[in-house]
There are 2 protein chains.
Amino acid sequence: MISPASPTLPELRLELAPPDVEAPLAIAVLLADRNRATILAILRDGPHCVCELAAALGERSNNVSNHLARLREAGLVRASRQAADTRRMYYERDEAACAAAFAQLGALLEPKR
Amino acid sequence: MISPASPTLPELRLELAPPDVEAPLAIAVLLADRNRATILAILRDGPHCVCELAAALGERSNNVSNHLARLREAGLVRASRQAADTRRMYYERDEAACAAAFAQLGALLEPKR
DNA sequence: CAGATATCTCAGCGACGACTGACACACTAT
DNA sequence: ATAGTGTGTCAGTCGTCGCTGAGATATCTG
């Protein structure tokens, strides 16, 4: 017997296995920086080059380039050169990847089912 | 005249006003910690007390209590005592607030319209 | 060619935040 | 009352991460 000392004391579930949150956590970490979050928001209305984003953010180009590299490694943005301006690097959102990332965060904020 | 030196060089938009991302940023910062993210995921299947969460996370109660305080200040979780167990503090998700937070993140990851 | 512009990379520094440890408070049991 | 349990608070420490600065690469202009 497990000796129910107190009649109605709820038994603790100490064996709970913590769910895997790696995927949504990685997305949240990316979004948890003001510059990266703002970049994603700016790119919602079309592609922009690094110097435009840097000017909008009031940050230096190399810093913005670093953030864009992080976003690109995660697949949220794409880099491309335009034929009319091969000197600048234009970044645009990968809407499919962004939607997938948004869905991942649902595992933290949406009800279970 | 503005002297179009290069015929088709796209003009930069250096006057871009960065959009306000404070609200979704605050949510992302909250989710960008493994323990807080895991807590939110665990609470998806019902209320749990601090010691249960601490055991599941392999963390100490005071640390978990700190994270729960952060989540509570943001309104994502509620604390309540149950009549059957007035000693422990039970935490449960505020599903409405979680859904609202999820919608806020849409301003970063969802297409513009 | 040299010079200017735009971007990328990376080592080093500094600040923010999570964890620790100690303590306080509330409630229960003996 | 005393001991034990569960939770909350907070100062201090330490690791992590964003920013800086310097340098490299690539493209265009004169």
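Chain letters run A, B, ... following the sequence lines, proteins first, then strands; residues in each count from 1. Quick caveat, the model's predicted, so the values are computed rather than measured.
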Requested in this report: Keeping the roles fixed (side chain from B:Arg44, backbone from B:Arg93), state whether a donor-acceptor pair exists under 3.5 Å.
Outcome: no
task: Following the transitive rule for hydrophobic clusters with a side-chain heavy-atom cut-off under 4.5 Å over Ile, Leu, Val, Met, Phe, Trp and Tyr, establish whether B:Leu25 and A:Ile27 coincide in one cluster.
output: no
Of all heavy-atom pairs linking B:Ile42 and B:Asp45, the shortest is O-OD1, 2.7 Å
Within residues 29-46 of chain A, the residues having a heavy atom closer than 4.0 Å to DNA chain C are none
When rounded to whole Å, the CZ to P distance for the pair B:Arg60 and D:dG6 reads 16 Å
- In terms of hydrophobic clusters joined by side-chain contacts under 4.5 Å, are A:Leu76 and B:Val29 together? no
**Asked** With a 4.5 Å heavy-atom cut-off, do A:Leu53 and A:Leu68 have their side chains touching?
**Response** yes
Nearest heavy-atom approach of B:Tyr90 to B:Cys49 is CD2-N, 3.7 Å
Tested for salt bridge (charged side-chain N to carboxylate O under 4.0 Å, His left out) against A:Arg78, the lone hit among A:Glu73, A:Glu92, A:Glu95 is A:Glu92
B:His48 atom NE2 is separated from D:dG6 atom P, nearest whole Å, by 16 Å
Quick note, side chain to side chain donor-acceptor pair (under 3.5 Å) partners involving residues 21-35 of chain B, not counting sequence neighbours, are A:Glu22-B:Arg34, A:Arg34-B:Glu22
Smallest heavy-atom separation, A:Arg81 atom then A:Thr86 atom, equals NH1-O, 3.0 Å
note: B:Glu59, atom CD; D:dG8, atom P; distance rounded to Å ~ 16 Å
Within the pair A:Tyr91 and C:dC8, is there a side-chain N or O less than 4.0 Å away from OP1 or OP2? yes
Rounded to whole Å, the CG-P distance (B:Leu25 to C:dC16) equals 15 Å
Give a yes or no on whether A:Val21 and A:Leu31 share a hydrophobic cluster (residues Ile, Leu, Val, Met, Phe, Trp, Tyr; joining criterion: side-chain heavy atoms under 4.5 Å apart).
yes
The helix from C:dC1-D:dG30 to C:dT30-D:dA1: angle between terminal helix axes, five bp per end, to the nearest 10 degrees, reads 10°
Between CZ of B:Arg81 and C1' of C:dT28 the distance, given in whole Å, is 12 Å
Identify all side-chain donor-acceptor contacts of residues 97-105 of chain B below 3.5 Å with residues at least two apart in sequence or on another chain.
none

Shortest non-hydrogen pair, B:Glu59 vs B:Val64, comes out as CB-CG2, 4.0 Å
note: A:Glu52, atom CD; C:dT7, atom P; distance rounded to Å ~ 9 Å
note: B:Gln82, atom CD; D:dG6, atom P; distance rounded to Å ~ 15 Å
Atom CZ of A:Arg70 and atom P of D:dT16 are separated, to the nearest Å, by 14 Å
Restricting to nitrogen or oxygen on both sides, can you table the protein-nucleotides 1-6 of chain C pairs closer than 3.5 Å?
unit_1	atom_1	unit_2	atom_2	d
C:dA6	OP1	A:Arg88	NH2	3.2

| said: Can you tell me if B:Thr86 touches the phosphate of C:dA26, counting only side-chain N or O atoms and a distance under 4.0 Å to OP1 or OP2? | reply: no
Closest non-hydrogen atoms of B:Pro19 and A:Thr38, given as atom of the first, atom of the second and distance, are CD-CG2, 4.0 Å
All heavy atoms of A:Val50 vs all of A:Ser65, minimum pair found to be CG1-N, 4.4 Å
Atom pairs, N/O to N/O, protein against nucleotides 9-15 of chain C, distance under 3.5 Å?
unit_1	atom_1	unit_2	atom_2	d
C:dC10	N4	A:Asn66	ND2	3.2

